[in-house]
Amino acid sequence: MTFFSLNEINTLLIWEMYLSKLKNILPRAVVKHSYARFGSSATKKEETVTLEFCRKAPKVELHAHLHGCIRPSTLQEYLTEKNVKYTPEEFKTKDMKGAFRIFDLIHAAIDNLKQIDRISEELFEDFAKENVVYLELRSTPRHLGSNTADDYVALLLDKIAKFEQKQSQMKIRLLLSVSRAEDIEKARETLALAKKYKSSGYILGIDYSGNPFQKTFTYFQEVFQEARDSNLKTVVHCAELPDEKTLQETYDVLKFKPDRVGHFNYFNDELFNTIHELNIPIEMCPTSNKFTMYLKDYHDHHFIKYYKTKHPLCLCTDDTVVFDTNISEEYYRMLKAFNFTEEQAKEVIKRSYECVFDEKIKQELRQISL
Ligand code: IMP
Ligand code: ZN
């Protein structure tokens, strides 16, 4: 995997030659200073990470929702086409309630599989453009028009297979989401689809997500237990609100011990110690979390607490169109806030590889030298 383009390597080599000539005519201190400013690979490692570095690095994206990652121009087109009424202010309000209002608007603009076909294709292109080498996408299967939830999943699997055939950079896997706003029958239907299509090799498990003001995990736990018994992975959005009900739910979720958790924004010392002992990887979505937690700065994010304890974690986007971000920006915003160097950034990226569900791909990712 190339990390610097040939052009950049050439530029670096030219600078090396130029600077070594300068060494002979300038005092040592001046040469050193010049080196630091223009950057050999040695000094670059000690500088704060750049957006360019984050963009070029081979990354994995493990927490992205299909309808939350529609290409902005396409969403705009569909909102107009379907005559969805909204105020510009609604798309700017990105706290928890505001984000779910945006999802309602998005879903109001999407009512057929032809749109899902285009949305998924563009989404794959957009993540690949950011140098994502492995994408674990998630989506809530829904019936659209005369098409069933089964048709929805079958279409996504077909799109993934075709995308993988036409390029070799990015592998894609799918998690089916159980929305906590829906009832248990719908959750069972989603599990049945995951089981039905597991043999395709593309569906790895099920996800628990949706409006956190709705039902709690215990209501759906039997479905997640059955998923586990069927050798499907389980991933659970949790600790998204700072209230008692959510706190209790977080204890219940950890007792279940999912394969990964999403967000884990609010925790006390006991939960911090428990998740660490259980070694459950956390999917962190910096910009999404910044909005829903009303953080003043990325520096206030819980990332650093878990980074320091060597906890398994991955940085992710959640919903690129809702939170106006992409995966390279997520790395850059989070790591720059803590003045991380390239070497530290590489360590964070490597840690995210370890959170990947597909074991074969995880082995391949471990071979990448960053
Ligand atoms: P979909 O599953 O493809 O329809 O993607 C959008 C859906 O993902 C939303 O309607 C929510 O149910 C879910 N979702 C997206 N972001 C979040 C989040 O941060 N917390 C909980 N659920 C979310
Ligand atoms: Zn999410």
Side-chain angles (χ1 to χ4, degrees), residues 61-71 74-75 78 94-113 115-120 122-124 127 135-144 149 152-153 155-156 159-160 172 174-183 186-187 189-190 193-194 203 205-217 220 235-241 246 249-250 253 258 260-266 282-295 314-325 327 330:
E61 165 63 84
L62 306 182
H63 185 143
H65 301 262
L66 178 74
H67 283 79
C69 296
I70 299 175
R71 190 178 283 174
T74 303
L75 176 59
Y78 287 158
K94 300 165 195 279
D95 61 3
M96 195 60 84
K97 286 201 168 125
F100 277 87
R101 170 67 187 146
I102 297 174
F103 289 129
D104 286 344
L105 295 170
I106 293 174
H107 287 127
I110 290 146
D111 60 8
N112 65 71
L113 281 192
Q115 291 173 298
I116 301 294
D117 186 297
R118 174 172 163 195
I119 290 165
S120 54
E122 292 177 349
L123 185 153
F124 299 160
F127 276 97
L135 166 68
E136 260 171 36
L137 180 68
R138 62 189 76 187
S139 191
T140 322
R142 40 174 64 84
H143 68 88
L144 296 173
Y152 183 100
V153 175
L155 171 78
L156 284 179
K159 294 299 293 177
I160 293 172
I172 308 167
L174 187 63
L175 304 170
L176 299 186
S177 297
V178 167
S179 168
R180 57 201 290 167
E182 287 165 344
D183 57 27
K186 173 70 184 153
E189 186 198 354
T190 300
L193 289 172
I203 291 195
I206 61 170
D207 156 61
Y208 172 72
S209 55
N211 193 329
F213 295 101
Q214 296 273 350
K215 302 180 189 75
T216 56
F217 183 69
F220 296 98
V235 50
V236 176
H237 280 64
C238 75
E240 289 182 89
L241 293 172
T246 307
E249 186 191 42
T250 309
V253 168
R260 284 199 315 251
V261 294
H263 302 312
F264 211 73
N265 294 345
Y266 298 98
I282 308 176
E283 304 156 353
M284 295 180 176
C285 309
T287 305
S288 163
N289 300 156
K290 183 169 178 283
F291 278 112
T292 59
M293 297 174 79
Y294 306 98
L295 301 180
C314 48
L315 297 183
C316 312
T317 55
D318 209 9
D319 304 288
T320 52
V321 74
V322 178
F323 299 109
D324 190 18
T325 190
I327 186 69
E330 290 304 284

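As the structure lists them, so they are numbered: ligands from 1, and atoms in each ligand from 1.
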May I ask you to decide if Lys186's main-chain N or O and Asp183's side chain share a donor-acceptor pair within less than 3.5 Å? yes

Does the structure place the NZ or CZ of Lys159 under 6.0 Å from the centre of the six-membered ring of Phe124, at an angle of no more than 45° from the ring's axis? no

May I ask you to decide if Glu240's main-chain N or O and Tyr266's side chain share a donor-acceptor pair within less than 3.5 Å? no

Return the set of protein N, O or S atoms whose distance to the Zn ion (ligand 2) is under 2.8 Å, each given as residue and atom. His63 NE2, His65 NE2, His237 NE2, Asp318 OD1

Value rounded to 0.5 Å, distance of OG in Ser179 from NZ in Lys215: 8.0 Å

Basic-acidic side-chain contact under 4.0 Å: Arg142, Glu189: no

Between the side chains of Arg138 and Glu283, is the shortest nitrogen-to-carboxylate-oxygen separation below 4.0 Å, so that they form an ion pair? yes

When you look for protein heavy atoms under 4.0 Å from ligand 1, which residues do they belong to? His65, Leu66, His67, Phe100, Phe103, His107, Ser139, Thr140, Arg142, Ser209, Gly210, His237, Glu240, His263, Asp318, Asp319

Option among Ile110, Asp117, Asp111, Ile116 that satisfies the side chain to side chain contact (heavy atoms under 4.5 Å, CB included) test with Leu113: Ile116

If you count heavy atoms of other groups shown closer than 6.0 angstrom to NE2 of His107, is the number above 12? yes

Result of checking Thr325, Thr320, Asp319, Asp318 against Ser288 for side-chain hydrogen bond (donor to acceptor under 3.5 Å, both in side chains): Asp318

